[in-house]
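Shown next, in structure tokens, is the structure this report addresses.
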Amino acid sequence: MSKFDLETLRHSTSHILAQAVMEIFPGVKLGIGPSTDDGFYYDFDLPQAITPEDLPKIEKAMKDICKKNQKFERQEVSKEEAIRLFEEKGEKYKVEILNEIDSDKVSLYRNGDFVDLCRGPHVDFTGRIKAFKLLSIAGAYWRGIETNPMMQRIYGAAFPTKDELEAYLTNLEEAKKRDHRKLGKELDLFSLHEEAGAGLVYYHPKGAMLRSLIEDFMKKENLKRGYEQVYIPHIAKIDLWNTSGHTNYYRENMYFMKIDEQEYVVKPMNCPGHILIYGRKTRSYRDLPIRYFEFGTVYRYEKSGVLHGLLRVRGFTQDDAHIFCREDQLEGEIIQTLDFIAFVMKTFGFDFKINLSTRPESFAGTADNWDKAIAILEKALQDRGLPFEIDPGAGVFYGPKIDVKLKDSLGRAWQGPTVQVDFNLPQRFNLNYIGEDGKQKTPVMVHRAILGSLERFIGALIEHYGGAFPFWLAPTQVSILPVSDRHNDYAEKVSAQLKEAGIRVEVDSRRETIGAKIRNAQMQKVPYMLIVGDKEEQAGTVAIRSREKGEIGVKSIQDFSFDLRPEMRYNS
RNA sequence: GCCGACGUAGCUCAGCUGGUAGAGCAACUGAUUUGUAAUCAGUAGGUCGCCAGUUCAACUCUGGCCGUCGGCUCCA
């Protein structure tokens, strides 16, 4: 079935959903009901709440409609006639849509006694619809506008065949097993605490190991590319944020505090800090570009309803950098950054999508500078042949940005890497450098993060690997499992040798059966298990079991350690 | 923030229409000394998210708050 037909099928299913809901809840007012990536939804305005218990009832009614094999009939009517029809029915949302349609003619689709304003197309008969399932109910603002009334949205999945639907549902179950919040608990990586505050992350030793491995990797790669690391404080007087414009444009995301009658701000961004360092002395055009990077922890107030495990939090650490450069260096810097992003994404095996986010309604600086900045970003993307979509109005207040989206286990996209061009903050802070002609010039800034935030990146990474990290990232790389406690000493000896070689090792010396120890290590997704008993102790060897392949043979300790060396590198 | 659902031991979850709580796993103790995904037995562990209210009596009902989940809006 082609993509178009699948959309048609799903859209038709949404009509049947609306039809069924009208049967069960007379008086319901209809919103809109489009197809989605794997199904459909329909929005309803109803005084009472639709509950999960209603879904089976609605599904049953939908199946009955399909069985009746009603014909979908298209009807063209004048706009006035349509408005009259829906006004009679009290469908105020449909009337609202109609009033905004330009053309004089509109189309209606009828099946049975159900009629909906609809561009179409639809399947010919309701009997074509064979495999669907209602999944969830959610609130959704009418037309997606926060100040509009909240409708009740029913989501469903629909496929051409039952097998495809089953496969989809199974896949959904599998995806839930990879959820970073579940794996974070099971693998003892991190926690969030109700008593400490929402959206604030506590890294346990294994999670901290994972994070520091990523930080080490990023630090090395930044230094390689001409960045210099800096550190800045987490709070600063409000004056700094008045200068930067944050108190104007970013206020609702900021935490304020008073110290000695002075108002302070907990930093929501790192840029002003890096700017202060740049501005400390006179710079020559020869000094540029200057690239400052740090793992900068920021705190942003996020609405309670948007928090989501590690993927959306209130306190997070960005692998942030600010490049101060001349205008003629800008494009080169952006291209270098894009290449850096591509390299890192490839290292972790992430697929990504790129957006170019343009000027928001509320912005600092001039429209001319914004246009210039957007043009440069666009050119850099084209230069690297990277496909992208425009995300209108999604830029930050000081400049446009290239956003790279990472996907979680359920296919939801989260913004990670970002590159932003900024002509504004350098002006606001009076930054300058002495040009070739001896005159003061204003530098341009590039704000960039390669991972985005460590929290979000780690959350996505956990789901990407399903918790089974590659060897170089595994918090515990090797688990040594003595067969009985008389082999504990030998296990410690093996452990010491491997640690000497820089391998992260654990010894499971509990008085448990070897089966229980293997099961535990396997569930903890440790890449290698070394079983040591009498045979191994006598021969000075280890029996190797791989997380993926099971038993893979016996080697001397030295050989095992030696053979691991390629896997210890991230570019293996 | 908004709509809806949920919040019981470290984890996963039972607990009917109100009569103050249970299982499995984990932990601890003991026995077992074990060869590639769970040895057996015992012990301990909870102010049932928090605060009010209704009631003779609240894990159970009502309200507020905190937090979580699915969305919407917003974002790294």
Side-chain angles (χ1 to χ4, degrees), chain A residues 41 43 46 49-53 135-155 176 179 181-182 185-186 188 191-199 250 252-253 268-269 296 298 300-320 357 394 396 401 403-406 410 412-418 420 447 449-457 459-460 481-488 510-523 529-536 543-547 550-552:
Chain A
Y41 68 78
D43 286 347
L46 189 68
I50 300 169
T51 69
E53 290 78 66
L135 296 174
S136 62
I137 308 158
Y141 298 109
W142 168 236
R143 304 193 126 188
I145 297 165
E146 212 175 347
T147 47
N148 277 350
M150 174 102 8
M151 320 265 301
Q152 301 187 66
R153 175 173 297 177
I154 298 179
Y155 281 96
K176 281 180 188 157
D179 191 311
R181 294 164 297 189
K182 184 173 152 69
K185 260 183 213 165
E186 289 172 1
D188 199 13
S191 56
L192 298 153
H193 298 266
E194 182 176 349
E195 67 268 41
Y250 210 69
E252 62 277 16
N253 287 292
M269 292 189 194
V298 295
R300 299 181 184 172
Y301 173 77
E302 300 287 351
K303 291 175 176 178
S304 59
V306 306
L307 301 174
H308 185 98
L310 293 185
L311 298 180
R312 186 79 181 270
V313 293
R314 284 183 176 155
F316 56 98
T317 301
Q318 299 175 303
D319 66 320
D320 206 2
S357 297
V396 205
K401 56 181 182 169
D403 285 330
V404 178
K405 310 270 186 190
L406 309 177
L410 290 172
R412 294 174 292 204
W414 298 86
Q415 184 184 324
T418 182
Q420 310 169 352
H447 308 238
I450 305 297
L451 306 174
S453 89
L454 270 309
E455 283 71 16
R456 179 173 287 178
F457 190 79
L481 313 179
V483 171
S484 85
D485 57 5
R486 72 171 174 277
H487 308 111
N488 285 354
R510 285 141 64 225
R511 284 168 55 134
E512 278 292 351
T513 58
I514 193 67
K517 291 178 185 183
I518 286 167
R519 179 180 155 83
N520 180 258
Q522 197 74 45
M523 289 196 308
M529 287 148 264
L530 301 182
I531 287 84
V532 295
D534 289 335
K535 284 179 276 179
E536 289 75 19
I544 307 157
R545 180 188 169 96
S546 121
R547 173 179 68 190
E551 286 183 74
I552 54 172

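The sequence lines fix the lettering, A, B, ..., with proteins before strands; numbering per chain opens at 1.
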Please evaluate the base of [N] for a donor-acceptor partner in the side chain of [X] within a cut-off of under 3.5 Å?
| X | N | result |
| --- | --- | --- |
| A/Arg143 | B/rC72 | no |
| A/Arg312 | B/rC74 | yes |
| A/Glu551 | B/rG35 | no |

Could you give me the CA-CA distance, side-chain angles and deciding distance for A/Glu512 and A/Arg519, then say whether salt bridge (Lys or Arg N to Asp or Glu O under 4.0 Å) is met?
CA-CA 11 Å; A/Glu512 278 292 351; A/Arg519 179 180 155 83; over 6 Å; no
Using atom [atom1] of [X] as one end and atom [atom2] of [N] as the other, report the distance to the nearest whole Å.
| X | N | atom1 | atom2 | answer |
| --- | --- | --- | --- | --- |
| A/Met151 | B/rG71 | CE | C1' | 14 Å |
| A/Ile50 | B/rG4 | CD1 | P | 11 Å |
| A/Leu311 | B/rU68 | CG | P | 13 Å |
| A/His308 | B/rU68 | NE2 | C1' | 11 Å |
| A/Leu307 | B/rC66 | CG | C1' | 13 Å |
| A/Asp179 | B/rG70 | CG | P | 7 Å |
| A/Tyr301 | B/rU73 | OH | C1' | 13 Å |
| A/His487 | B/rU34 | NE2 | C1' | 10 Å |

Nearest-neighbour nucleotide for the [X] side chain, [options] considered:
| X | options | value |
| --- | --- | --- |
| A/Arg511 | B/rG70, B/rU32, B/rC75 | B/rU32 |
| A/Lys303 | B/rA76, B/rG1, B/rG35 | B/rG1 |
| A/Lys401 | B/rA76, B/rU73, B/rG35 | B/rA76 |
| A/Val306 | B/rU36, B/rG49, B/rC72 | B/rC72 |
| A/Glu302 | B/rC75, B/rG71, B/rG70 | B/rC75 |
| A/Tyr141 | B/rA76, B/rC2, B/rC69 | B/rC2 |
| A/Val396 | B/rU34, B/rG7, B/rA76 | B/rA76 |
| A/Arg300 | B/rA76, B/rU39, B/rG67 | B/rA76 |
| A/Ser304 | B/rU36, B/rG1, B/rA76 | B/rG1 |
| A/Ala516 | B/rC74, B/rU36, B/rU39 | B/rU39 |

With a 3.5 angstrom cut-off on both distances, give the Watson-Crick or G-U wobble partner of [N], or none if there isn't one.
| N | answer |
| --- | --- |
| B/rA5 | B/rU68 |
| B/rU62 | B/rA52 |
| B/rU33 | none |
| B/rC28 | B/rG42 |

Counting only N and O atoms by type, is there a donor-acceptor contact under 3.5 Å from the side chain of [X] to the main-chain atoms of [Y]?
| X | Y | result |
| --- | --- | --- |
| A/Glu302 | A/Val313 | no |
| A/Lys517 | A/Val483 | no |
| A/Asp485 | A/Arg511 | no |
| A/Arg300 | A/Pro268 | yes |
| A/Asp403 | A/Gln415 | no |
| A/Arg545 | A/Glu551 | no |

Please give the distance between the [atom1] atoms of [N] and [M] as a whole number of Å.
| N | M | atom1 | value |
| --- | --- | --- | --- |
| B/rG24 | B/rA9 | C1' | 12 Å |
| B/rG53 | B/rG71 | C1' | 33 Å |
| B/rU62 | B/rU54 | P | 15 Å |
| B/rG42 | B/rG4 | C1' | 46 Å |
| B/rC72 | B/rA26 | C1' | 39 Å |
| B/rA57 | B/rG67 | P | 32 Å |
| B/rG45 | B/rG10 | C1' | 10 Å |
| B/rU34 | B/rU47 | P | 43 Å |

Could you check A/Arg486 against A/Trp414 and say which one's nearest nucleotide on RNA chain B is further toward the 5' end?
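Taking each residue's closest nucleotide, the earlier one in sequence belongs to A/Arg486.
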Between A/Arg545 and A/Gln420, which is nearer to the 5' end of RNA chain B once each is assigned its nearest nucleotide?
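Final value for this comparison: A/Arg545.
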Which part of the nucleic acid, if any, lies within reach of A/Val313 when heavy atoms closer than 4.0 Å are counted: base, sugar-phosphate only, or nothing?
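Base contact.
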